[in-house]
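Proteins come first, then strands; the chains are lettered A, B, ... in the order of their sequence lines, and each starts at number 1. These numbers come from the heavy atoms of this one structure, side chains and all, not from hydrogens, waters or symmetry mates. Note that the structure is a prediction, hence the values are computed from the model and not measured.
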Protein chains: 2
Amino acid sequence: MKNQDDHLNHAIIEFYEKLSSWEMAVVKDNGFSLPQVHTVEILGLNGPMRMKELAEKIGVTTGTLTVQIDKMVKAGLVLRRAHETDRRSILVELTDAGQVMFEEHDKLHMQLTADLTVNFSEQERSLMLDFFKRINNEF
Amino acid sequence: MKNQDDHLNHAIIEFYEKLSSWEMAVVKDNGFSLPQVHTVEILGLNGPMRMKELAEKIGVTTGTLTVQIDKMVKAGLVLRRAHETDRRSILVELTDAGQVMFEEHDKLHMQLTADLTVNFSEQERSLMLDFFKRINNEF
DNA sequence: AATAATAGTTTGATAGTCAAAATATCTATT
DNA sequence: AATAGATATTTTGACTATCAAACTATTATT
């Protein structure tokens, strides 16, 4: 059903736009820049990661990421660690302070998720999780 | 169920991150900047809008938006129109070329949505739409 | 009528970004 | 094992995006 798909598509875009807005507002409040929070979010969720991989996930060049990570190292949020097998590569990981920041930020997301699904039944919430998991796997 | 909610939360964040990545990649390919595409997307979805409102949705100050809209006017994507009742306000709306760009971009989103839900039944897709609508209303 | 609040623009300083060049390391071919 | 090509990261210089604050014009409040 074409029209139905159109609605789903637009609902997804609307959701994305609203989440972006929310994230921007949250980030501005706590004094860090959006790329920094984004980085903390990705590392917190996925664990240590190579520069290249991280740059792709964030959507910037590695050159841009280098200067961002420099700042975050200075701020004590992340650290650079040697890759075990590939000496060209560097792993970026959260420091304890970075982990704390991730958890703080994650709490805000948790609250948002709770607010958004306040009218969902236990069963609906579980179905929604299943849908998201399947969609995320298709990316 | 606390743990379940945590999973839903993280699945949502993962979805958001992946969609961001996708959007970045798409935008870079077609030569426009992310804020410009973002603006076209919002105007195409919501119709004409005041500067203030648009700035809030995008997550920038009105000063920043002014220069962005200047560029987009020059590029022929949007135009400024007087507000009917409030002479302080200005409505920004898509030109025909802007509308075309919106539809082109929307097609890419449509394709992505179709790809992501390729394994969904008609019923699941409809349920997913219902979930997104309810969530969007809670924002 | 005066004052405060709001919408938008302009400006100067700061931060973010990219492309291209440079360095170091890894992989593949001969 | 030697060479050539590919890959990961950093550095650099130019450009773009961003904000905060000052400014203009209009509307709302008292």
Side-chain angles (χ1 to χ4, degrees), chain A residues 20-21 23-43 46-75 77-93, chain B residues 20-21 23-43 46-75 77-93:
Chain A
S20 288
S21 265
E23 186 91 350
M24 292 265 197
V26 163
V27 163
K28 246 172 237 157
D29 282 351
N30 78 1
F32 291 95
S33 76
L34 184 61
Q36 285 179 339
V37 174
H38 213 177
T39 299
V40 167
E41 204 161 58
I42 291 174
L43 291 179
N46 302 103
M49 194 174 295
R50 288 179 307 117
M51 291 290 284
K52 185 81 192 305
E53 203 178 346
L54 187 52
E56 270 165 14
K57 277 195 197 292
I58 301 178
V60 295
T61 62
T62 54
T64 297
L65 186 60
T66 293
V67 319
Q68 290 298 344
I69 294 297
D70 283 348
K71 283 176 196 167
M72 293 181 69
V73 168
K74 256 180 206 152
L77 293 174
V78 301
L79 54 86
R80 288 182 165 94
R81 187 157 59 78
H83 192 284
E84 296 87 353
T85 60
D86 186 343
R87 283 192 299 176
R88 290 169 308 179
S89 289
I90 283 175
L91 289 178
V92 185
E93 66 178 40
Chain B
S20 288
S21 265
E23 186 92 351
M24 292 263 197
V26 163
V27 163
K28 247 172 235 156
D29 282 350
N30 78 2
F32 291 95
S33 76
L34 184 61
Q36 284 179 339
V37 174
H38 213 177
T39 298
V40 166
E41 205 162 57
I42 290 175
L43 291 179
N46 302 102
M49 195 176 292
R50 288 180 306 116
M51 292 288 285
K52 185 81 192 306
E53 203 180 346
L54 186 54
E56 271 165 15
K57 277 196 197 293
I58 302 178
V60 295
T61 62
T62 55
T64 298
L65 186 59
T66 293
V67 319
Q68 291 296 345
I69 294 298
D70 283 347
K71 282 176 195 166
M72 294 181 70
V73 167
K74 257 180 207 154
L77 292 174
V78 301
L79 54 86
R80 288 182 165 94
R81 187 157 56 79
H83 192 285
E84 295 86 354
T85 59
D86 186 343
R87 283 193 297 177
R88 291 170 306 181
S89 288
I90 283 175
L91 289 178
V92 185
E93 67 179 40

Pairs of donor and acceptor atoms involving the side chains of residues 56-69 of chain B, under 3.5 Å and at least two apart or interchain, shall be tabulated with distances.
residue: B:Thr61; atom: OG1; partner: B:Thr64; partner atom: N; Å: 3.3
residue: B:Thr61; atom: OG1; partner: B:Thr64; partner atom: OG1; Å: 3.1
residue: B:Thr66; atom: OG1; partner: B:Thr62; partner atom: O; Å: 3.0

Identify all side-chain donor-acceptor contacts of residues 32-39 of chain B below 3.5 Å with residues at least two apart in sequence or on another chain.
residue: B:Ser33; atom: OG; partner: B:Gln36; partner atom: N; Å: 3.4
residue: B:Gln36; atom: OE1; partner: B:Ser33; partner atom: N; Å: 3.4
residue: B:His38; atom: NE2; partner: A:Glu17; partner atom: OE1; Å: 2.4
residue: B:Thr39; atom: OG1; partner: B:Pro35; partner atom: O; Å: 2.8

What distance do A:Ile42 atom CD1 and B:Ser21 atom OG have between them, rounded to the nearest 0.5 Å? 6.5 Å
Measure the distance from CG on B:Leu91 to C1' on C:dG8 and round it to the nearest whole Å. 13 Å
Short heteroatom pairs, N/O only, protein and nucleotides 22-28 of chain C, under 3.5 Å:
residue: C:dC26; atom: OP1; partner: A:Arg87; partner atom: N; Å: 2.8

Does A:Glu93 have any side chain to side chain donor-acceptor pair (under 3.5 Å) partners at least two apart in sequence or in another chain, and if so, which? A:Arg81
To the nearest 0.5 Å, what is the distance between CE on B:Met51 and CG on B:Leu91? 11.0 Å
How would you list, by chain and number, every residue that makes a side chain to side chain donor-acceptor pair (under 3.5 Å) with B:Asp86, sequence neighbours excluded? B:Arg88
Reading DNA chain D in the 5' to 3' direction, which nucleotide is the first one with an atom under 4.0 Å from a heavy atom of chain B, and which is the last? D:dA17 to D:dT27
Enumerate the residue pairs fulfilling salt bridge (Lys or Arg N to Asp or Glu O under 4.0 Å) with a member in residues 62-75 of chain B, sequence neighbours excluded, ordered by first and then second residue. B:Asp70-B:Arg80
Return each pair, listed once, that meets salt bridge (Lys or Arg N to Asp or Glu O under 4.0 Å) where at least one residue sits in residues 59-68 of chain B; pairs must be two or more places apart or across chains. none
Letter by letter from the 5' end, nucleotides 10-20 of chain C scores (B base, S sugar-phosphate only, - none; protein heavy atoms under 4.0 Å) B----SSBB--
For DNA chain C, which residues in residues 47-58 of chain B have a heavy atom at a distance below 4.0 Å? B:Arg50, B:Met51, B:Lys52
Rounded to the nearest 0.5 Å, what's the gap from OG on B:Ser89 to CD on B:Glu84? Could you check? 10.0 Å
For the helix from C:dA1-D:dT30 to C:dT30-D:dA1, measure the angle between the helix axis at one end and the axis at the other, each built from five pairs, rounding to 10°. 40°
Using side-chain heavy atoms (C-beta onward) and a distance below 4.5 Å, is A:Val73 in contact with A:Leu79? no
